[in-house]
A.B. asks: 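Below you will find the structure I want to go over with you.
Hydrogens, waters and symmetry mates play no part in the numbers below; they use all other heavy atoms, side chains included.
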Amino acid sequence: RDPSYEFASTSRTNSCVRQQFSSEINIRISQFTAEYIKDFRANMGGDSDIPNLVLDPFGYMYLADNEGFAQELRTNQKLQASLGAGTKIMSPQEIAAAYPFYSVDDLILGSHNLKDEGYFEGSTMFEWWRRSARKNGVEYIHNEAVNIHLNAAGSKAEAVTLASGEKISCGILVNAAGPRAAQFAS
């Protein structure tokens, strides 16, 4: 759709990862993501052409100014800690000592994690995948998918129609339409 990737979600993301979620599956996905990023070269086969990625663990801090949200953060922290996340509950005094630029007068607490939460070079990862795909024979088509055709049973995608009117058969369809994925799939 946009071969320059100027308007693509990937180009506009901050490429950050966090573990401070309230469900086990989201926490585990984030932990897998952090390990995948840190071991990117090994995970992709170990070739020296594959970039080493660094996860800059600046962490996230969620601040509670009411008891309802403070209790939510406490509950979440217990789950996160049970799964190995480094999330810690901090008092306003601890926050002020570590981060003097915060005004903590109206805070009850903060939830902070410096372990495997932060920024990584998503653009480097994306560019490596793109170059690698081309090297392995992937053909990029400058067009836009507008319709999915299902088989007679309605259980499997078998073709895609492009904005140009061209219809492309497929064995497997990966819906990579980003924020338009649900719209495209309907």
A.B. asks: Is the number of heavy atoms from other residues, nucleotides or ligands within 6.0 Å of NZ (Lys38) greater than 12?
C.D. replies: yes
A.B. asks: Starting at CD1 of Ile168, measure out to CG of Leu162 and round the result to the nearest 0.5 Å.
C.D. replies: 4.0 Å
A.B. asks: Please find the pair of heavy atoms, one from Ser22 and one from Leu79, that lie closest to each other, and give the distance.
C.D. replies: O-CD2, 3.5 Å
A.B. asks: Can a donor-acceptor pair be found, under 3.5 Å and without considering hydrogens, that links the side chain of Ser30 to the backbone of Arg18?
C.D. replies: yes
A.B. asks: Which value, rounded to the nearest 0.5 Å, describes the distance between Met61 atom CE and Tyr99 atom OH?
C.D. replies: 5.0 Å
A.B. asks: Which pair of non-hydrogen atoms, one from Gln31 and one from Gly84, has the smallest distance, and what is that distance?
C.D. replies: NE2-C, 3.8 Å
A.B. asks: Using side-chain heavy atoms (C-beta onward) and a distance below 4.5 Å, is Glu35 in contact with Asp116?
C.D. replies: yes
A.B. asks: Which heavy atom in Pro100 sits nearest to a heavy atom in Ala97, and how many Å separate them?
C.D. replies: CD-O, 4.2 Å
A.B. asks: Atom CG of Asp39 and atom CE of Met44: how far apart are they, to the nearest 0.5 Å?
C.D. replies: 11.0 Å
A.B. asks: For the residue pair Tyr36 and Trp129, categorise the inter-ring angle as parallel (less than 30°), tilted (30 to 60°) or perpendicular (more than 60°).
C.D. replies: tilted
A.B. asks: Starting from Met125, can I reach Val54 by hopping between I/L/V/M/F/W/Y residues whose side chains sit under 4.5 Å apart?
C.D. replies: no
A.B. asks: Check whether any side-chain N or O of Asn14 sits under 3.5 Å from a backbone N or O of Tyr119 as a donor-acceptor pair, and report yes or no.
C.D. replies: no
A.B. asks: Is there a path of hydrophobic side-chain contacts, each under 4.5 Å between heavy atoms, that joins Leu114 and Leu55?
C.D. replies: no
A.B. asks: Can you get from Ile89 to Ile27 by hopping between Ile, Leu, Val, Met, Phe, Trp and Tyr side chains that sit under 4.5 Å apart?
C.D. replies: no
A.B. asks: So, does Asn151 use its side chain to make a donor-acceptor pair with the main chain of Ser155 at under 3.5 Å?
C.D. replies: yes
A.B. asks: Can you measure from CZ (Arg41) to CG (Asn52) and round to the nearest 0.5 angstrom?
C.D. replies: 4.0 Å
A.B. asks: For Ile148 and Ala157, work out which heavy atoms get closest and say how close.
C.D. replies: CG2-CB, 3.8 Å
A.B. asks: So if you build clusters from Ile, Leu, Val, Met, Phe, Trp, Tyr with side-chain heavy-atom gaps below 4.5 Å, do Phe40 and Phe126 land together?
C.D. replies: no
A.B. asks: Within the distance-only criterion (no hydrogens, no angle test), does the side chain of Gln80 pair as donor or acceptor with the backbone N or O of Phe21 below 3.5 angstrom?
C.D. replies: yes
A.B. asks: Evaluate the criterion side-chain contact (heavy atoms from CB on, under 4.5 Å) for residue pair Arg130 and Val138; output intermediate values, then yes/no.
C.D. replies: CA-CA 9 Å; Arg130 187 165 65 158; Val138 170; over 6 Å; no
A.B. asks: Please determine whether residues Leu63 and Val104 belong to a single hydrophobic cluster, defined as Ile, Leu, Val, Met, Phe, Trp and Tyr linked transitively by side-chain heavy-atom distances below 4.5 Å.
C.D. replies: yes
A.B. asks: Atom CG in Leu83, atom CD1 in Ile25: separation rounded to 0.5 Å?
C.D. replies: 10.5 Å
A.B. asks: Please determine, by modelled atom types, if Arg74 and Gln71 share a side-chain donor-acceptor pair under 3.5 angstrom.
C.D. replies: yes
A.B. asks: Are there over 12 heavy-atom neighbours, none belonging to Gln183, within less than 6.0 Å of that residue's CD?
C.D. replies: no
A.B. asks: Please check if the number of heavy atoms outside Asp106 that lie under 6.0 Å from its CG is greater than 12.
C.D. replies: yes
A.B. asks: Measure across Ser15 and Ser123 and return the closest heavy-atom pair with its distance rounded to 0.1 Å.
C.D. replies: OG-N, 4.4 Å
A.B. asks: Where do Ala159 and Lys167 come nearest, in terms of heavy atoms and distance?
C.D. replies: CB-CE, 3.6 Å
A.B. asks: Which of these, Gln19, Gln20, His112, sits in a side-chain hydrogen bond (donor to acceptor under 3.5 Å, both in side chains) with Glu117?
C.D. replies: Gln20
A.B. asks: Under the ring pair (Phe, Tyr, Trp, His ring centres under 6.0 Å) definition, can you give me all pairs with a residue in residues 41-69, not counting sequence neighbours?
C.D. replies: Phe58-Tyr60
A.B. asks: How far does OG of Ser91 sit from CG of Leu107, to the nearest 0.5 angstrom?
C.D. replies: 10.5 Å
